[in-house]
Amino acid sequence: MMLKIQVFTLKVLLCLFFCQGHTQNSPAENGTDIATSYNLTLQHTTLVVSNFAVSKPFYTEVLGLKDLNADWLPDKQMFLSLGNNLELHVGEVPGVEIKPSNFNHFAISTNDLDGYLAHLKAHGVTYSNLGGGQPYFIQKRPDGVRQTFIQDPDGYWIEINDAN
C-alpha cells in the first residue's frame with residue numbers, strides 16, 4: 001500500500017512539474033493584447049495582378065514605390081518598399097481570379113497630400129471617393145486625416161492620405 005501511495009505521489013509531482021507550462025494562461029486569457037505580447041507588425045501584403053507589364057510601371061513610376069529588386073523571384077513578380085520594413089508584393093499568378101471590390105483597399109500615407117495628388121494627376125490618375133462616384137474628391141475623416149482613393153490597372157482601390 002505504501003508503494004502505491006509513493007508512486008501516486010511521484011506521478012502527481014511529475015505532472016505538477018512538467019505540466020506547469022501548459023497550465024499558464026495565454027496573453028489573451030490574462031487580458032493582454034496578443035499583438036503587443038508577441039510584437040506582431042504588418043510586414044507585407046500581396047496583390048495578384050492580371051498584367052504585370054502594365055502594373056509594374058503603375059506601382060514603380062506612377063505611385064513611385066521602390067522596387068526591391070528581389071532577383072530570386074519568379075518572372076512577373078516584384079517586391080516594393082513602402083518604408084519602415086513594410087512591403088507590397090505584386091505579381092501575376094496564373095489561375096488566380098482577380099476580383100476587386102468597391103470597399104477593400106490598402107492605404108498609403110504622405111506628408112504632402114496635395115503635392116502627391118498633383119503628381120498622380122500629371123500621370124493621368126483620377127482620384128475620387130471610394131467607389132469612384134466623385135472625381136477629384138478629398139474628404140476629411142473625423143480624426144482630421146484627409147483622404148482620397150485611386151484605382152490600379154486591375155481596379156484595386158488604394159487610399160491616399162496625410163496620416164503621416
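Keep in mind it's a predicted model, so treat the numbers as computed, not measured.
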Check whether any side-chain heavy atom of [X] lies under 4.5 Å from a side-chain heavy atom of [Y], and answer yes or no.
X: Q77; Y: V93; result: yes
X: T148; Y: N129; result: no
X: I150; Y: T126; result: no
X: L88; Y: L47; result: yes
X: S55; Y: D154; result: yes
X: L117; Y: I138; result: yes

Next on the checklist: Measuring from atom CD of Q43 to atom CG of N85, what distance do you get when rounded to the nearest 0.5 angstrom?
Outcome noted: 5.0 Å

Next on the checklist: Within the supplied structure, the quantity of interest is the number of heavy atoms (other residues, nucleotides, ligands) at a distance under 6.0 Å from N164 CG; does it exceed 12?
Outcome noted: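 Correct, the count exceeds 12.
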
Checklist entry - At their closest point, which heavy atom of S81 faces which heavy atom of G83, and how far apart are they? => result OG-N, 3.2 Å

Checklist entry - Between K76 and F52, what is the shortest heavy-atom contact and its length? => result O-CD1, 3.2 Å

Item to check | Partner residues of S101 under the side-chain contact (heavy atoms from CB on, under 4.5 Å) criterion, sequence neighbours left out | outcome: F103, N104

Per-pair distances, 0.1 Å, donor-acceptor, side chain in residues 57-75, under 3.5 Å, sequence neighbours excluded:
from : atom 1 : to   : atom 2 : distance (Å)
Y59  : OH     : D152 : OD2    : 2.7
T60  : OG1    : K56  : O      : 2.7
D67  : OD1    : N69  : N      : 2.8

According to a 4.5 Å side-chain heavy-atom criterion applied to Ile, Leu, Val, Met, Phe, Trp and Tyr, with indirect links allowed, do [X] and [Y] form part of one hydrophobic cluster?
X: V125; Y: V49; answer: yes
X: L42; Y: F79; answer: no
X: V90; Y: V54; answer: no
X: L113; Y: V145; answer: no

Checklist entry - For the side-chain contact (heavy atoms from CB on, under 4.5 Å) test, which of T110, N111, D162 pairs with Y116? => result T110

Checklist outcome for this item: Across all chains, not counting sequence neighbours, the salt bridge (Lys or Arg N to Asp or Glu O under 4.0 Å) partners of D112 are none

Checklist entry - In chain order, what residues pass the side chain to side chain donor-acceptor pair (under 3.5 Å) check against D114, with sequence neighbours excluded? => result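 For D114, the residues satisfying side chain to side chain donor-acceptor pair (under 3.5 Å) (neighbours in sequence not counted) are R146.
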
Next on the checklist: Which residues pass the side chain to side chain donor-acceptor pair (under 3.5 Å) test with N161, not counting sequence neighbours?
Outcome noted: S109, E159

Item to check | Pair listing, ring-ring contact (aromatic ring centres under 6.0 Å, His included) test, anchored in residues 131-164, at least two apart | outcome: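 For residues 131-164, and leaving out neighbouring residues, the ring-ring contact (aromatic ring centres under 6.0 Å, His included) pairs sorted by first residue read H105-F149, Y127-Y136.
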
Checklist entry - For the side chain of Q147 and the backbone of Q139, is there at least one donor-acceptor N/O pair under 3.5 Å apart? => result no

Item to check | Side-chain donor/acceptor of H123 to backbone N/O of H119, under 3.5 Å | outcome: yes

